[in-house]
Structure formats: structure tokens, C-alpha cells
Amino acid sequence: MMIVKYAKFSKRHPYIHFSIMISLVLLFLFSAVMLIEYEIIAFAIVILLIGCTLPFFAKVSKYKQQYLSD
């Protein structure tokens with residue numbers, strides 16, 4: 001159900017969706033650089049949390065392609 005709601009949201013508000021995606025990518029890159037540089041485990045946890053969102057966004061994308069395409 002959450003996948004359907006977010007798919008509709010991202011279809012109606014593509015700029016907000018794009019902002020969320022960009023912020024996740026930048027947070028991932030920042031955490032990766034900090035993890036390599038300072039070796040603090042908290043940055044690895046952030047990377048894992050962002051990695052856990054990937055299946056969600058993949059399902060949203062698949063749903064949008066199947067049911068919400070123009």
C-alpha cells in the first residue's frame with residue numbers, strides 16, 4: 001500500500017521525488033567518504049539504511065511503469 005501511495009506521490013510531485021533521490025545519493029556518498037576516511041561505524045549504518053530503501057524505490061518504479069504510465 002505504501003508503494004502505491006509513494007508511486008502516486010512521485011507521479012504528482014516529480015521535483016520533490018527528485019530532491020529525495022538526490023539527497024539520498026549525496027548522503028550515501030558523504031557516508032562512504034567519511035567511512036573510508038575516519039572508519040567510524042556510524043557511517044556504515046547510514047549506508048546500510050540507505051541500501052534498505054533500494055528495494056522500496058525499485059518496487060515503486062516498477063509499479064509506476066506498469067500502472068501509472070502515460
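Heavy-atom neighbours of F56 CZ from other residues, nucleotides or ligands within 6.0 Å: above the threshold of 12. By the 6.0 Å contact criterion, CZ on F9 is enclosed, its count of non-hydrogen atoms from other residues, nucleotides or ligands being greater than 12.
Side-chain contact between L24 and F57 is present, with at least one heavy-atom pair separated by less than 4.5 Å. Contact annotation: the side chain of S69 never approaches that of K64 to less than 4.5 Å [non-hydrogen atoms, C-beta and beyond]. Inter-residue side-chain proximity for V46 and F28 is flagged as unmet; no heavy-atom pair is nearer than 4.5 Å. Here the side chains of I40 and F43 are in contact, with some heavy-atom distance below 4.5 Å. At least one side-chain heavy atom of I20 sits less than 4.5 Å from a side-chain heavy atom of Y6.
With hydrophobic clusters built from ILVMFWY side chains whose heavy atoms lie under 4.5 angstrom apart, M21 shares a cluster with M2. No continuous path of ILVMFWY side-chain contacts below 4.5 Å connects I41 to L35, so the two sit in separate hydrophobic clusters. Under a hydrophobic-cluster definition in which Ile, Leu, Val, Met, Phe, Trp and Tyr are linked whenever side-chain heavy atoms come within less than 4.5 Å, directly or via other members, I47 and L49 are assigned to different clusters. Both V25 and L27 are members of a single hydrophobic cluster when ILVMFWY side chains are connected at heavy-atom separations under 4.5 Å.
Atom NZ of K62 is separated from atom NZ of K59 by 9.5 Å, given to the nearest 0.5 angstrom. Annotation: the span from L26 atom CG to S31 atom OG amounts to 10.5 Å, rounded to 0.5 Å. Summarising the geometry, atom CD1 belonging to I45 is positioned 12.5 Å from atom CD1 belonging to I50; distances are rounded to the nearest 0.5 Å. With values rounded to the nearest 0.5 angstrom, S10 atom OG is found 14.0 Å from Y15 atom OH.
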